[in-house]
Amino acid sequence: MRLPPRAGLLRLLRAGLGSRPVSYVQGQSPEPRIREYFYYIDHQGQLFLDDAKVKNFITCFKDKQFLVFFFKQVKKNQSGRYEQEFPYISPCGRERNFIRCDDLPIVFTQLLRDEGPDNERLSFCGGGDRLTIKFEPEKLVMLPENGRVYHPAPEKAGGVGLVKSALAFELSSFFEYREGPSSPPTHFQWNSRRYSLTNELLPLLSVEKEM
């Protein structure tokens, strides 16, 4: 993985109200031949250096090869370092790429349609057709408290991912509500089929939100 710029910049991160600041230096070497970098993923699935002062489309990483490699390695941080502040990690050889995020590290950005309705796939985090997972309509979950939509994600990355707001808006018209829109949807109409929503992601979401 190529070396990110501004490797010598010191960052003080306050993980939460009342918690002590956590310091790091991009590219720091806590032990011989080990380098550590720190990243942030927003709710649109854009990847940034964590200490970037401005986070928008101009400053996010866009190189598809880099994004594909980075997100294929994402998993929960069990390294013993920065586990509370950066709950995910993308290891690359002797590099430790620590990740924190606005919501979840996997954000679905596109619905790709191959031949036939059963070949639909969700693409995530800017990877196009090289970062995808099978679309399973019955496993969609919408949280009424914030309107965000979630879908199964690679298991090692936590098993659940956020659907980008623009895509979630497109899908929202296909939800059915038994007790009104203030309650969770119960069914999803898609490709002339009516799916009963399983809500099996709710326990995973509870775990991930506590991290």
Side-chain angles (χ1 to χ4, degrees), residues 40-47 56-57 60-62 64 67-76 87-88 90 99-211:
Y40 173 79
I41 301 169
D42 71 4
H43 65 281
Q44 303 297 332
Q46 297 178 124
L47 178 68
N56 55 34
F57 181 74
C60 71
F61 286 88
K62 302 178 188 66
K64 183 175 289 188
L67 293 173
V68 168
F69 185 86
F70 185 95
F71 281 103
K72 279 187 175 181
Q73 312 305 317
V74 170
K75 62 181 181 178
K76 293 185 178 181
Y88 303 93
S90 176
I99 305 164
R100 66 183 185 95
C101 42
D102 175 68
D103 193 317
L104 293 171
I106 302 301
V107 180
F108 299 105
T109 55
Q110 292 178 282
L111 181 60
L112 306 179
R113 295 177 173 89
D114 298 325
E115 294 183 6
D118 294 329
N119 291 323
E120 295 171 317
R121 303 186 69 80
L122 284 172
S123 171
F124 55 93
C125 298
D129 59 1
R130 296 176 61 189
L131 283 178
T132 66
I133 196 167
K134 180 178 173 59
F135 181 44
E136 300 179 271
E138 72 279 6
K139 296 182 181 180
L140 288 168
V141 170
M142 177 189 284
L143 297 184
E145 57 265 32
N146 58 21
R148 289 187 172 183
V149 177
Y150 299 85
H151 182 274
E155 186 175 348
K156 70 177 183 179
V160 58
L162 173 70
V163 178
K164 182 180 176 179
S165 55
L167 179 56
F169 180 78
E170 293 179 25
L171 298 177
S172 63
S173 61
F174 299 98
F175 284 110
E176 290 184 15
Y177 302 84
R178 181 174 299 170
E179 300 176 2
S182 60
S183 61
T186 57
H187 295 80
F188 188 76
Q189 291 273 6
W190 191 253
N191 292 331
S192 302
R193 293 179 61 181
R194 184 171 184 259
Y195 294 90
S196 295
L197 298 177
T198 65
N199 289 323
E200 61 190 75
L201 293 181
L202 289 175
L204 280 177
L205 276 169
S206 297
V207 171
E208 295 301 306
K209 298 295 185 181
E210 291 174 359
M211 291 182 63

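Note that the numbering runs from 1 along the sequence shown for the chain.
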Rounded distance [0.5 Å steps], [atom1] in [X] versus [atom2] in [Y]:
X	Y	atom1	atom2	result
Asn199	Met142	CG	CE	11.5 Å
Leu111	Leu167	CG	CG	6.5 Å
Arg194	His187	CZ	NE2	4.0 Å
Arg113	Asn119	CZ	CG	12.5 Å
Ile41	Leu104	CD1	CG	9.5 Å
Leu140	Ser172	CG	OG	11.0 Å

Of all residues at least two apart in sequence or in a different chain, which pass the side chain to side chain donor-acceptor pair (under 3.5 Å) check with [X]?
X	value
Gln189	Glu176
Asp129	none
Gln46	Asp42
Glu170	none

Please tell me whether Phe175 and Phe188 form a close aromatic pair, meaning their ring centres lie under 6.0 Å apart. yes
Tell me, do [X] and [Y] make a side-chain contact under 4.5 Å, heavy atoms counted?
X	Y	answer
Tyr88	Cys101	yes
Lys76	Pro87	no
Ile106	Tyr150	no
Ile99	Ser90	yes
Val141	Leu201	yes
His43	Val107	no

Leu202 and Leu143: CA distance, side-chain angles, deciding distance, side chain to side chain contact (heavy atoms under 4.5 Å, CB included) verdict: CA-CA 9 Å; Leu202 289 175; Leu143 297 184; 3.9 Å; yes
Counting only heavy atoms from other residues, nucleotides and ligands, does the tally under 6.0 Å from CD of Glu155 exceed 12? no
Where is the tightest heavy-atom contact between [X] and [Y], given as atom of each residue plus distance?
X	Y	result
Pro105	Ala157	CG-O, 4.0 Å
Ser123	Gly128	OG-O, 2.7 Å
Ala153	Gly161	CB-N, 3.5 Å
Phe124	Pro154	CZ-CG, 4.2 Å

Can any side-chain N or O of Lys156 pair as donor or acceptor with the backbone N or O of Lys72 at less than 3.5 Å?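 Yes, the answer is positive, given that a donor and an acceptor are paired below the 3.5 Å cut-off.
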Side chain Thr132, main chain Leu122, donor-acceptor under 3.5 Å: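 Judged by distance alone, no pair lies under 3.5 Å.
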Under the ring pair (Phe, Tyr, Trp, His ring centres under 6.0 Å) test, residues paired with Phe135 that sit two or more places apart: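 Only His151, Trp190 meet the ring pair (Phe, Tyr, Trp, His ring centres under 6.0 Å) criterion with Phe135.
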Evaluation steps, side chain to side chain contact (heavy atoms under 4.5 Å, CB included), between Leu47 and Phe70: CA-CA 10 Å; Leu47 178 68; Phe70 185 95; 3.8 Å; yes
Criterion side chain to side chain contact (heavy atoms under 4.5 Å, CB included) on Lys164 and Gln110, from CA distance to verdict: CA-CA 8 Å; Lys164 182 180 176 179; Gln110 292 178 282; over 6 Å; no
Take Val68 and Leu131 through the test side chain to side chain contact (heavy atoms under 4.5 Å, CB included) and record every step on the way to the result. CA-CA 6 Å; Val68 168; Leu131 283 178; 4.1 Å; yes
Think Lys62 forms a cation-pi with Phe57, using NZ or CZ under 6.0 Å from the six-ring centre and within 45 degrees of its axis? yes
According to side-chain contact (heavy atoms from CB on, under 4.5 Å), who are the partners of Thr198, at least two apart in sequence or on a separate chain?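 Thr198 satisfies side-chain contact (heavy atoms from CB on, under 4.5 Å) with Glu138, Lys139, Glu200 only.
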Evaluate the side chain to side chain donor-acceptor pair (under 3.5 Å) criterion for residues Gln44 and Ser165: first the C-alpha distance (whole Å), next the side-chain angles of each, then the deciding distance (0.1 Å), finally the verdict. CA-CA 7 Å; Gln44 303 297 332; Ser165 55; 3.2 Å; yes
Using the rule side chain to side chain contact (heavy atoms under 4.5 Å, CB included), only one of Val149, Ile133, Leu162 pairs with Phe108; which is it? Ile133
